[in-house]
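Per chain, numbering begins at 1; letters A, B, ... match sequence-line order.
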Amino acid sequence: MKFSRRDFLSAAGLSAAALVLGACDSEGPKRAAGLLADAERVNRKVERSLFRHTSMDHAPRGAAASGDSFPSYFVSDEVPVWDTAAMGAWRLEVGGMVRTPLSLSLDDLMRLERRTQRVNHYCVEGWTAVAEWSGVPVHVLAELAGVDPAAKVVDFESFDDAYHESWDLESVLHPQTLVAYAKDGKMLTPAYGAPARIHSPVKLGYKNTKYLTRIRFIAEPNGGYWSDRGYEWYGGL
Amino acid sequence: MRRHHWIVRLTHWVNVIALGVMITSGLRIFNAYPGFARPGGTFCCYPFEGKAIPAIVTFGGWLAGARHWHFAMMWLLVANGLLYLGYVYLRGGWRDLVPRRGDVRDVWAMVRFYLFLEREHPRQGKHNAMQRGAYFAMPWIAALTVMSGLAIWKPVQLAPLTDALGGYQWARYWHFCSMLALVVLAAGHVFMVVSVDPWSLRSMITGGWSERFSPEVRNARPFVNLWPRAATMAAPSAVTGNATPDHAPSAPETHP
């Protein structure tokens with residue numbers, strides 16, 4: 001992105017206007033939207049260049065697990081519960097740009113390599129919660145399915161209405177990004193995304209799709225529930 | 001006479017905008033979860049847990065809107081701050097800002113003068129001792145704000161930084177507290193400009209300055225002696241009677 005003197009003056013002017021007219025919780029001048037979008041693109045580049053698979057999260061020493069105080073939310077009218085009678089046994093589909101699409105039952109998932117980690121959950125609102133998550137690292141599923149080198153993005157889909165979030169591939173393959181089926185040593189309950197969900201400390205909570213149904217490897221970003229509603233698509237930590 | 005170089009004037013006003021947007025959008029972000037305790041937990045050191053900041057001092061409209069402003073404006077804030085610090089360092093302006101021996105005594109002298117316990121304005125160079133303290137503290141506090149901000153922006157990728165600040169919760173707390181300290185300093189600064197030295201606005205806008213208007217020569221306290229003494233009264237002896245050459249108000253920068 002080229003940042004000309006004109007852009008600079010326009011940014012300064014807009015910011016000044018934002019400051020004078022825009023207090024009282026306004027969103028600021030509409031004309032600033034383009035500049036904010038440019039800044040988000042720059043930030044995404046910076047964040048991706050900082051990103052390392054060796055950077056790991058760990059819950060603070062001495063911090064108690066949040067347990068039932070761990071806030072939970074969903075976008076359907078009621079807690080989404082997989083209805084086996086109506087929809088058949090739950091399975092996780094791994095597909096898109098892969099050599100071997102997978103269809104895994106919960107038992108299949110539990111037989112695969114398991115990782116248990118005590119990490120933070122970072123909510124975009126500013127709170128954190130501590131839990132011990134168990135599940136299959138997504139990179140294990142990626143290796144099993146054989147991902148096309150042209151795949152750059154992964155979409156995590158759910159049965160919580162149309163909730164989904166797509167991620168950059170390198171965050172998906174981070175060792176702490178799990179298809180989690182247990183929290184604090186117990187199988188997930190519907191409040192926390194049963195039967196399985198994405199959980200990773202490298203992305204903000206809203207990127208961590210609960211009630212997971214499908215992992216789809218794709219070429220281009222496909223937005224997401226909150227990303228389409230104005231939150232940053234990258235949402236990385 | 002010129003008092004402030006254009007880089008200092010430019011970065012000052014850009015900072016007003018950038019810091020203003022950072023603080024107000026930051027408060028809007030804070031309002032999404034106005035506290036430091038984990039859900040279900042407690043936090044030792046914040047008495048207003050759960051109480052939102054009044055919307056009138058927030059900016060961004062909603063959490064995502066405020067985040068976009070915050071993460072865009074941070075680049076301008078940091079670039080501007082580095083330009084200012086680089087200039088002040090390279091051109092020697094820092095000499096007017098660093099603490100000196102006797103500053104504690106000189107701050108006390110200023111306080112006594114402002115409280116009408118002294119008749120004459122203490123002698124000073126470019127800035128009085130209270131100003132030097134504030135202008136010296138500002139970049140250090142701002143550096144803590146920036147570092148703690150990085151720590152809560154990237155708590156996993158910059159984990160060593162976040163850990164050094166005591167973890168995410170504490171880093172968020174330091175981010176908040178250092179912001180408050182900047183607000184207090186800025187509020188004090190604005191109060192002093194309005195009540196003691198409104199003439200300094202001229203030197204911060206055009207760079208122009210004349211000794212006649214300096215608080216020392218006017219013997220100005222808050223809301224006292226705002227106007228310069230009449231020209232005929234400003235006999236050299238009255239002006240420089242308590243001044244010695246090494247700190248006389250000849251300190252203003254001169255620029256090519």
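Top candidate by heavy-atom pairs under 4.5 Å with chain A, chosen from B/Ala72, B/Pro155, B/Gly40, is B/Pro155. Contacts with chain B were tallied for A/Cys123, A/Gly126, A/Pro60, A/Ser69; A/Gly126 has the most, counting heavy-atom pairs under 4.5 Å.
Ring pair B/Tyr168/B/Phe36: centre-to-centre distance not below 6.0 Å.
With a 4.5 angstrom heavy-atom cutoff, B/Phe71 touches chain A via backbone and side-chain atoms both. When heavy atoms are compared at a cutoff of 4.5 Å, B/Arg172 approaches chain A solely by way of its side chain, counted from C-beta outward. Neither the backbone nor the side chain of A/Val119 comes within less than 4.5 Å of any heavy atom of chain B. Contact of A/Phe70 with chain B is not made at all, since no heavy-atom distance falls under 4.5 Å. Heavy atoms of A/Glu232 lying under 4.5 Å from chain B belong to its backbone as well as its side chain. For B/Asp163, the part sitting under 4.5 Å from any heavy atom of chain A is the side chain, from C-beta outward, and nothing else. Interface remark: B/Trp13 contributes no atoms to any contact with chain A (heavy atom separation under 4.5 Å).
Put simply, the side chain of A/His174 reaches to within 4.5 Å of the side chain of A/Met56, judged on heavy atoms.
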(message) Run A/Tyr231 and B/Trp62 through ring-ring contact (aromatic ring centres under 6.0 Å, His included) and show every step you take.
(response) CA-CA 10 Å; A/Tyr231 284 83; B/Trp62 63 307; 5.3 Å; yes

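The only member of A/Tyr211, A/Tyr163, A/Tyr206 that meets ring-ring contact (aromatic ring centres under 6.0 Å, His included) when paired with A/Tyr225 is A/Tyr163.
Taking a cutoff of 4.0 Å between a charged side-chain nitrogen and a carboxylate oxygen, A/Lys203 and A/Asp168 qualify as a salt bridge.
The environment of CE in B/Met147 is sparse: at most 12 heavy-atom neighbours from other residues, nucleotides or ligands sit within 6.0 Å.
In this structure, A/Trp226 and A/Tyr73 have tilted ring planes: the angle between them lies in the 30° to 60° band.
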